[in-house]
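Structure first, commentary second.
Here, residue 1 is the first one in the sequence, and each next residue gets the next number. Only a predicted model underlies this, so the values are computations on that prediction, with no experimental measurement involved. Only this structure's heavy atoms are used, side chains among them; waters, hydrogens and symmetry mates stay out.
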Amino acid sequence: MDNQYQNLRQWIDQFRETGEVLDVKGAHWNQEIGVLTQLARRQKQGPALLFDEIPDHQVGFRILVNTLGSTRRLAHTLRLGDVSGYRELVDKWKAKWKGLVPIPPRLVDNPPVMENRLGGADVDLGLFPAPFWHDEDGGRYIGTGCVVIFKDPDTGWVNLGTYRVQLQGKSELTVYIGSSHHGSIIRRKYLDEGKPCPVAIVLGQDPLVFLSASSLGVPPNQSEYDLAGGIKGEAISVFTGEKTGLPLPADAEVVLEGHFQPNNKRTEGPFGEFTGYYGSGQRDEPCMDVEAIYYRSQPIVLGSPPTRPPNESTFVHSILKSASLEEELKGMGVPGVLGAWNHDCGAAQMFVALSIKQQYPGHAKQVLVTASNAYSVMHSKIVIVVDDDVDITNLEDLMWAVCTRFDPGIDVDILRRVPSSILDPAVPNGAPAFTSRMLIDATRPYERLAEFAPAITINKEAEANALKRWGNLLKMDR
């Protein structure tokens, strides 16, 4: 498969040919699209869905969901080629990340997204489908797979992030951003001084740009455009926004330009979040005045709504955060760590498993404590370490090790007052975002390694022979 698609439409064509993009016509924006999105993600390696003929909207005004919900789609978006599974995807991404050279964006004229333009009284956000994604959402959200663009007024740093965006009328939007996120820090610099904050919201774009904005953890003062260019192997094409002067992706499907005005707020939320709960409740959030809309004919809005895990974002974070944690542990000089995995069921942030080859007394505990101080898992609540014969990506295999090698009286430790998130439903509303972290040593006791009961295994040669003879009968892969 060709890795070098150039825009979202080419990406769709590529995966439609493999049967991984399915067309859905006539699904309603009021929860039906949201339900189908959740069902697609519940399927392991489920398809991307392209919705069209959405009631109350023009034919051709579409929504694409579950874009990165399979190993193949994620790998090709990251320009990694074909992969055989989670482990190869993590390893290929680590190798690419270590050798990555950022490439700044290039300025172009006559961008495709300027095919249609609306301004002033003609601005109408109702043209674009904005689903009611979950039963108890506080409204319709037009931005879930979006990219929100800011520029730091002090340094000129261009920052791209992904935040939830709620419709507030024909030309107004609220954007909820956690206080520690880069976008929130930049926005406050303007609003705290009583100045309008320029902003652009991209509703549909290359999945690689979305991935860079939402999941890769770009450090301050480095632009996600540069990172996306480095991954792609060529510069991302941008043009200068007429209302804000911000660099905007030329190959986008829909771009909204405008400003947050000081003291202009609207009620936002609640919204179903990545933890599987309605996070952050209802609150007043800064309101964006949309001054201009640019869009391609028959535009595509990218949707990536959080749902109860597993979902698209937890799958992506499982891969990327696992790779980051392995590299962090390697940088800390901890020997014998063979793998790390952030489990989907823990929202890819709260439940971490580690595999080690034990080398000395206390090795397992050292790995647990060191991993618990890693930035990649700063919101984790459960960290488990197991021996190298356990598949840490397989929840049943992992829990088998816990149940048979873990002694609750001696193999558990608790760290208290470690970082959490206000979106964690276990954190009381209005309270500081602290939690506790449980460390579980589910390895064989070091002093009993030689005498510990051997685990039942299947001889590889016998397995291969049995599958060769009986694989069809058992409906198993050879």
Side-chain angles (χ1 to χ4, degrees), residues 117-128 130 138-205 210 213-214 220-221 223-225 238-249 252 254-271 279-295 301 422-423:
R117 303 166 65 177
L118 299 173
D122 294 327
V123 167
D124 185 1
L125 296 169
L127 285 172
F128 308 98
R140 297 172 66 178
Y141 279 78
I142 197 169
T144 55
C146 61
V147 171
V148 183
I149 304 173
F150 292 100
K151 179 184 284 188
D152 190 291
D154 300 324
T155 65
W157 164 42
V158 175
N159 173 255
L160 280 63
T162 295
Y163 315 110
R164 67 196 205 201
V165 180
Q166 183 179 351
L167 280 179
Q168 297 289 349
K170 284 185 61 178
S171 62
E172 290 186 316
L173 301 166
T174 44
V175 182
Y176 172 80
I177 312 177
S179 60
S180 63
H181 288 273
H182 297 151
S184 181
I185 294 169
I186 293 172
R187 185 169 65 179
R188 288 200 301 269
K189 287 186 177 183
Y190 289 94
L191 300 184
D192 288 352
E193 292 187 6
K195 298 177 180 178
C197 174
V199 60
I201 299 177
V202 187
L203 299 181
Q205 63 284 314
F210 166 64
S214 62
N221 299 314
S223 177
E224 286 77 5
Y225 277 134
V238 299
F239 70 103
T240 302
E242 295 178 351
K243 301 294 184 181
T244 63
L246 294 169
L248 310 176
V254 184
V255 176
L256 315 176
E257 262 200 302
H259 291 80
F260 292 102
Q261 298 294 340
N263 303 315
N264 182 18
K265 293 187 175 184
R266 297 285 186 277
T267 301
E268 194 274 347
F271 183 66
S280 76
Q282 195 173 65
R283 62 181 69 206
D284 288 342
E285 291 294 332
C287 188
M288 173 188 176
D289 292 327
V290 179
E291 300 161 21
I293 300 176
Y294 318 121
Y295 66 98
V301 172
I422 63 169
L423 296 180

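Both the sub-6.0 Å distance and the 45° axial angle are not jointly satisfied by Arg187 relative to the ring of Phe150.
A donor-acceptor pair is defined here as one N or O able to donate and one able to accept, closer than 3.5 Å; no such pair exists between the side chain of Glu224 and the backbone of Ala213. Checking side-chain atoms of Gln168 against main-chain N and O of Thr267 turns up a donor-acceptor pair under 3.5 Å. Between the side chain of Tyr294 and the main chain of Ala252, no donor-acceptor pair closer than 3.5 Å is present.
In this structure the side chain of Thr244 never reaches within 4.5 angstrom of the side chain of Val199, judged on heavy atoms. Between Leu256 and Leu203, some side-chain heavy-atom pair lies under the 4.5 Å cut-off. Taking 4.5 Å as the limit, some side-chain heavy atom of Pro247 sits within range of a side-chain heavy atom of Tyr225. Here the side chains of Glu242 and Arg117 are in contact, with some heavy-atom distance below 4.5 Å.
Take Glu268 and apply the salt bridge (Lys or Arg N to Asp or Glu O under 4.0 Å) test, not counting sequence neighbours, and it matches Arg164. For Glu172, the salt bridge (Lys or Arg N to Asp or Glu O under 4.0 Å) partners two or more places apart in sequence, or in a different chain, are Arg266. Applying the side-chain hydrogen bond (donor to acceptor under 3.5 Å, both in side chains) rule to Ser184 yields the partners Arg188; only residues at least two apart in sequence or on another chain are considered. Applying the ring-ring contact (aromatic ring centres under 6.0 Å, His included) criterion to Phe210, with sequence neighbours excluded, gives no partner residue. Taking the salt bridge (Lys or Arg N to Asp or Glu O under 4.0 Å) definition, one finds that Lys265 meets it with nothing, sequence neighbours left out. Partners of Asp192 according to the salt bridge (Lys or Arg N to Asp or Glu O under 4.0 Å) rule, which considers only residues two or more places apart in sequence or in another chain, do not exist here.
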TODO: List the steps and the verdict of ring-ring contact (aromatic ring centres under 6.0 Å, His included) for Phe271 and Tyr141.
DONE: CA-CA 9 Å; Phe271 183 66; Tyr141 279 78; 4.2 Å; yes

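Taking CD1 from Ile201 and OG1 from Thr162, the interatomic distance works out to 11.0 Å, rounded to the nearest 0.5 Å.
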